[in-house]
Asks: 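Before I ask anything, here is the structure I am working with.
Residue numbers begin at 1 in each chain, while the letters A, B, ... track the order of the sequences.
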Number of protein chains: 2
Amino acid sequence: MKIGELASATATNVETVRYYEKIGLLAPPARTSSNYRAYGADHLARLSFIRRARDLGFTLDAVRELLTLSDDTGQSCEAVDGIASIHLTEIDRKIGDLKALRSELSRVLGSCSHGTVADCKIIETLAPRGEAV
Amino acid sequence: MKIGELASATATNVETVRYYEKIGLLAPPARTSSNYRAYGADHLARLSFIRRARDLGFTLDAVRELLTLSDDTGQSCEAVDGIASIHLTEIDRKIGDLKALRSELSRVLGSCSHGTVADCKIIETLAPRGEAV
DNA sequence: CTACACCCTGAAGCAACTACAGGGTCAAGC
DNA sequence: GCTTGACCCTGTAGTTGCTTCAGGGTGTAG
């Protein structure tokens, strides 16, 4: 299959496919006589894997590790579990950060009395001590 | 004050201060005879504003707008409110996305029976249909 | 035979910094 | 008076994960 077909089969941009090849995440496929990339089922499977991992929020580095691990089927699942666990912790941290941010911002927004900027509580919060420069 | 003092007073990296100047967020300060940047109270106030806005998660573009608005004290607070509201919506969207991600990942992780990679549910989830390439 | 959709490469752009390389300046201590 | 070390300067490149662009070639339908 050509790059466009592979891309649409995996809901990926053509450019992203080429990008994955460039950074060594996806093996360079064979080429047709006219220098078009010719992909096979293995490429499709691998790209699907990458996309699903990305959809779960794994970084490209984590995806790379997961791919390596998935190739070595005899190995213990521990490393895979570890990567996913770290990722989950990271997501929890992000959610916590965003929630704190949200409540702070919501508090600021709630205090806005819709007057002029001069007595805008939002601006005041950002530049305390009246120094609204 | 010198750049290092300004930076530590606002919990900012020196490089970040210079970066803000470069992108036009912070006005270029006067220079000493030895070409050191010499900041005043107005710079300190402005950088504090920027940092607080950044801490609340506003993008640099939003900060730029907020700064412009805060300079025009006679104007209505509406635009400020609008920027903050949009930002809040965006944060809510991100929290929602991350929560969905979290539950999906947590489900995948919970199914791991800590065996070998060959029957690892995590890998299986990523590469369904047994094509763990 | 000519449109038009698709493919190619390589470089640059995005956010918001951070980290270097390769220098200059300044105060303290010996 | 000279060195050490902390600070300052500029300019460029790196980070993540792509997207976009310029400037081409290929393949096929009408």
Asks: Shoot me the first and last contacting nucleotide of DNA chain C against chain B, ordered 5' to 3', at under 4.0 angstrom to non-hydrogen atoms.
Replies: C:dA16 to C:dC26
Asks: Are B:Arg51 and B:Leu47 side-chain neighbours, meaning at least one heavy-atom pair lies under 4.5 Å?
Replies: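 Yes; the side chains approach each other to less than 4.5 Å.
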Asks: From the options D:dC8, D:dT10, D:dC18, select the nucleotide whose nearest atom is closest to the side chain of B:Arg37.
Replies: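 Ranking D:dC8, D:dT10, D:dC18 by closest atom to the B:Arg37 side chain puts D:dT10 first.
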Asks: Would you check if B:Asn13 and B:Tyr19 make a side-chain contact, meaning some heavy-atom pair closer than 4.5 Å?
Replies: no
Asks: Between A:Lys2 and A:Glu5, is there a salt bridge with N-O shorter than 4.0 Å?
Replies: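 Result for this pair is no, no salt bridge flagged.
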Asks: Give A:Phe58 one of three labels, base, sugar-phosphate or nothing, depending on what nucleic acid heavy atoms sit under 4.0 Å from its own.
Replies: nothing
Asks: At 4.0 Å (heavy atoms only), tell me whether B:Arg18 reaches a base, stays on the sugar-phosphate, or touches nothing.
Replies: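 Base, at least one base heavy atom under 4.0 Å.
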Asks: Is there side-chain contact between B:Ser48 and B:Arg52, with at least one heavy-atom pair below 4.5 Å?
Replies: yes
Asks: Judged by each residue's nearest nucleotide on DNA chain C, which is more toward the 5′ side, B:Lys2 or B:Asp61?
Replies: B:Asp61
Asks: So which atom in A:Leu109 and which in B:Leu88 form the shortest heavy-atom distance, rounded to 0.1 Å?
Replies: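 Smallest heavy-atom distance, with atoms named: CD1-CD2, 3.8 Å.
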Asks: Tell me the interatomic distance from A:Leu26, atom CG, to D:dC18, atom P, rounded to whole angstroms.
Replies: 13 Å
Asks: With distance as the sole test, does A:His87 use its side chain to make a donor-acceptor pair with the main-chain N or O of A:Leu56 at under 3.5 Å?
Replies: yes
Asks: Within this structure, what is the CG-to-P distance between A:Leu25 and D:dG17, rounded to whole angstrom?
Replies: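 About 10 Å, once rounded to whole Å.
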Asks: Any Lys/Arg nitrogen of A:Arg46 or A:Asp71 sitting under 4.0 Å from an Asp/Glu carboxylate oxygen of the other?
Replies: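 Yes, charged N to carboxylate O under 4.0 Å.
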Asks: When the distance from OH of B:Tyr19 to C1' of D:dA13 is rounded to whole Å, what number comes out?
Replies: 14 Å
Asks: Classify A:Lys22 by what it touches in the nucleic acid, base, sugar-phosphate, or nothing, heavy-atom distance under 4.0 Å.
Replies: nothing
Asks: Does B:Glu21 have more than 12 heavy atoms from other residues, nucleotides or ligands lying within 6.0 Å of its CD?
Replies: yes
Asks: Do the side-chain N or O atoms of A:Tyr36 get closer than 4.0 angstrom to the phosphate oxygens (OP1, OP2) of D:dG25?
Replies: no
Asks: So which of residues 3-16 of chain B are in contact with DNA chain C, with a heavy-atom cut-off of under 4.0 Å?
Replies: B:Asn13, B:Thr16
Asks: Looking at DNA chain C, which of residues 86-99 of chain A put a heavy atom within less than 4.0 Å of it?
Replies: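 Nucleic-acid contacts, sorted: none.
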Asks: Indicate yes or no: at least one non-hydrogen side-chain atom of A:Leu60 is less than 4.5 angstrom from one of A:Arg54.
Replies: yes
Asks: Kindly say whether A:Leu101 contributes a backbone atom to a donor-acceptor pair with the side chain of A:Glu104 at under 3.5 angstrom?
Replies: no
Asks: Without swapping roles, check the side chain of A:His43 against the backbone of A:Ala27 for a donor-acceptor pair under 3.5 Å.
Replies: yes
